[in-house]
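Values below: all heavy atoms of this structure, side chains included; hydrogens, waters and symmetry mates excluded. All of these numbers come straight from a predicted model, not from anything done at the bench.
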Amino acid sequence: MDARESLNILMGCLEETGKRLPRQTLLDFVVGNLSMEIEKANLGGHELFGCGDKHDEEHYNAVLDQAIKDNIIKQTGEELRVTQKGRRSLRSGTKKPYPVNDDDEQSEPDKAALDKEQRLGQPEATAATEQTAEHIGHHTKVKILLIQAMDRKLSLDDFAEQNNIGFDEVLDELEEMREAGRAFDVGYFLDEVMDKSSQQELFDCFREAGGDLAKVIEDMGDVYTAEEIRLAHLAWRK
């Protein structure tokens, strides 16, 4: 089952409400169940309340399980939030299918058809595997080079140009590393592109927003570019 639309609904509801919601509260919000928790959170009148009512809770539970497994949505204790990986997917507006197993839509496979498909699809599968391995190899190489560049305090825009990648891709790599818990310092480059007063203004915004990058981009996007805000977020110390 392609659950891209359902995944975007879940992420969009978490982002637009500006709250880290428990699983059941999120499900109630998406399907339009006016529960006690929804009333306590004052979400019953939100414009997105019930926006996913064409599916039931069981469906969204399956999508949530897969999204948590894929590090698109993260669960800390009882609370759910969208990860940086999920935000990038949501911002990009990708229509790439997001397959999720839904028990209601599963049926007994035709063994003969599967055998034929495996025989016919083997060369394509091998090619796809090779392409995936090549992509992962490139991804790892960029990360290594990026860490070395920061150790040498190389300008990150120069790094992007030298490696023929966009600066937003550099930021993507840095955000993934930070999400994985890796420590690094981009303060030296932030000093090159932004004065101290502007840095402090954004740091104050992050503090007030509880570190919510999407909210600061929304609030300050008419003053700073998204790339500047993302860079400042990477340099911000909580």
S.K.: Taking Thr25 for its side chain and Leu21 for its backbone only, find out whether a donor-acceptor pair lies under 3.5 Å.
M.R.: no

S.K.: Report yes if some heavy atom in the side chain of Arg4 is under 4.5 Å from a heavy atom in the side chain of Ser89; otherwise report no.
M.R.: yes

S.K.: Does the side chain to side chain contact (heavy atoms under 4.5 Å, CB included) test come out yes or no for Gln199 and Leu190, once each step is laid out?
M.R.: CA-CA 8 Å; Gln199 293 181 31; Leu190 185 62; 3.6 Å; yes

S.K.: Does any part of the side chain of Ile9, heavy atoms only, come nearer than 4.5 Å to the side chain of His55, both counted from C-beta?
M.R.: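 The answer is no; the side chains never approach within 4.5 Å.
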
S.K.: Mind checking the CG-NZ spacing from Asn71 to Lys85? Nearest 0.5 Å is all I need.
M.R.: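 It is 6.0 Å, given to the nearest 0.5 Å.
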
S.K.: Donor-acceptor pair, Asp70 side chain versus Ile72 backbone, under 3.5 Å?
M.R.: no

S.K.: Which pair of heavy atoms, one from Arg87 and one from Ala214, lies closest together, and at what distance?
M.R.: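 Minimum heavy-atom separation between Arg87 and Ala214: NE-CB, 3.9 Å.
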
S.K.: Using salt bridge (charged side-chain N to carboxylate O under 4.0 Å, His left out) as the criterion, list what pairs up with Asp219, not counting sequence neighbours.
M.R.: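 Applying salt bridge (charged side-chain N to carboxylate O under 4.0 Å, His left out) to Asp219 gives Lys215.
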
S.K.: Which residues pass the side-chain hydrogen bond (donor to acceptor under 3.5 Å, both in side chains) test with Asp195, sequence neighbours left out?
M.R.: Ser197, Ser198

S.K.: Using distance alone, with no hydrogens and no angle criterion, decide if Thr83 and Arg88 have a side-chain donor and acceptor under 3.5 Å apart.
M.R.: no

S.K.: Can you give me the closest heavy-atom contact between Leu27 and Tyr60, atom names plus distance?
M.R.: CD2-CB, 3.5 Å

S.K.: Mind checking salt bridge (charged side-chain N to carboxylate O under 4.0 Å, His left out) for Glu179 and listing every partner two or more places apart, or none if nothing turns up?
M.R.: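 By the salt bridge (charged side-chain N to carboxylate O under 4.0 Å, His left out) rule, Glu179 matches Arg81.
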
S.K.: Which heavy-atom pair separates Ala160 from Val170 by the least distance, and what is that distance?
M.R.: CB-CG2, 3.8 Å

S.K.: Could you work out, with side-chain hydrogen bond (donor to acceptor under 3.5 Å, both in side chains) as the rule, every residue matching Ser6, not counting sequence neighbours?
M.R.: His59

S.K.: Is there a side-chain contact between Leu156 and Leu174, using heavy atoms and a 4.5 Å cut-off?
M.R.: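 SC-SC contact between Leu156 and Leu174 confirmed.
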
S.K.: Once rounded to the nearest 0.5 Å, what's the spacing between atom OG1 of Thr17 and atom CG of Leu26?
M.R.: 8.0 Å

S.K.: Walk me through it: do Leu145 and Gln162 pass the test side chain to side chain contact (heavy atoms under 4.5 Å, CB included)?
M.R.: CA-CA 11 Å; Leu145 292 175; Gln162 290 170 8; over 6 Å; no

S.K.: Who pairs with Asp168 by side-chain hydrogen bond (donor to acceptor under 3.5 Å, both in side chains), at least two apart in sequence or on another chain?
M.R.: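 Asp168 satisfies side-chain hydrogen bond (donor to acceptor under 3.5 Å, both in side chains) with no other residue.
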
S.K.: Give a yes or no on whether Lys74 atom NZ has more than 12 heavy-atom contacts from other residues, nucleotides or ligands under 6.0 Å away.
M.R.: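 At most 12 heavy atoms, drawn from other residues, nucleotides or ligands, come within 6.0 Å of this atom.
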
S.K.: Take Asp185 and Met150 through the test side chain to side chain contact (heavy atoms under 4.5 Å, CB included) and record every step on the way to the result.
M.R.: CA-CA 7 Å; Asp185 177 24; Met150 289 188 291; over 6 Å; no

S.K.: For residues 43-54, dump all side-chain donor-acceptor pairs below 3.5 Å to protein atoms at least two apart in sequence or in another chain.
M.R.:
from, atom 1, to, atom 2, distance (Å)
His46, ND1, Leu48, N, 3.0
Lys54, NZ, Glu5, OE1, 3.1
Lys54, NZ, Glu5, OE2, 3.3

S.K.: Do Leu80 and Leu64 have side chains that approach each other closer than 4.5 Å (heavy atoms only, starting at C-beta)?
M.R.: yes

S.K.: For residues Pro99 and Asp2, determine if any side-chain heavy atom of one lies less than 4.5 Å from a side-chain heavy atom of the other.
M.R.: no

S.K.: For Arg178, enumerate each residue passing the side chain to side chain contact (heavy atoms under 4.5 Å, CB included) test, keeping only those at least two apart in sequence or located in another chain.
M.R.: Phe184, Leu234

S.K.: Which atom pairs, donor and acceptor, lie under 3.5 Å between side-chain atoms of residues 203-211 and protein residues at least two apart or in another chain?
M.R.:
from, atom 1, to, atom 2, distance (Å)
Asp204, OD1, Gln200, NE2, 3.0
Asp204, OD1, Arg207, NH1, 2.9

S.K.: List for me each residue that meets salt bridge (charged side-chain N to carboxylate O under 4.0 Å, His left out) alongside Arg230, sequence neighbours excluded, and say none if there are none.
M.R.: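 Applying salt bridge (charged side-chain N to carboxylate O under 4.0 Å, His left out) to Arg230 gives Asp172, Glu175.
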
S.K.: Tyr188 side chain to Ser155 main-chain N or O, any donor-acceptor pair under 3.5 Å?
M.R.: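 No; judged by distance alone, with no hydrogens or angles, the pair does not exist.
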
S.K.: Is the number of heavy atoms from other residues, nucleotides or ligands under 6.0 Å of Glu39 CD greater than 12?
M.R.: yes

S.K.: Residues in side-chain hydrogen bond (donor to acceptor under 3.5 Å, both in side chains) with Arg23, at least two apart?
M.R.: Asn61, Asp65

S.K.: Does a side-chain heavy-atom distance below 4.5 Å link Leu213 with Gln84?
M.R.: yes

S.K.: Kindly compute the distance separating CG (Asp222) from CD1 (Ile217), expressed to the nearest 0.5 Å.
M.R.: 12.5 Å

S.K.: Can you list everything that forms a side chain to side chain contact (heavy atoms under 4.5 Å, CB included) with Thr225? Sequence neighbours excluded, please.
M.R.: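 So Thr225 forms a side chain to side chain contact (heavy atoms under 4.5 Å, CB included) with Glu227, Glu228.
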
S.K.: Can you find a pair of side-chain heavy atoms, one from Asn163 and one from Phe159, that are under 4.5 Å apart?
M.R.: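 In short, these two side chains touch, coming nearer than 4.5 Å.
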
S.K.: Would you indicate whether the side-chain heavy atoms of Leu14 and Val82 approach each other to under 4.5 Å?
M.R.: yes

S.K.: In terms of side-chain heavy atoms, does Gln66 have a donor or acceptor partner in Tyr98 at a distance below 3.5 Å?
M.R.: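 Short answer, no.
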
S.K.: Search all heavy atoms of Leu202 against all heavy atoms of Ala232 and return the closest pair with its distance.
M.R.: CD1-CB, 3.6 Å

S.K.: What pairs with Asp191 under salt bridge (charged side-chain N to carboxylate O under 4.0 Å, His left out), at least two apart in sequence or on another chain?
M.R.: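 For Asp191, the residues satisfying salt bridge (charged side-chain N to carboxylate O under 4.0 Å, His left out) (neighbours in sequence not counted) are Lys196.
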
S.K.: Give, for atom CG of Asp28 and atom CD of Glu57, the distance between the pair rounded to the nearest 0.5 Å.
M.R.: 5.5 Å

S.K.: Testing the 3.5 Å rule here: is there a donor-acceptor pair between the side chains of Gln24 and Glu78?
M.R.: no

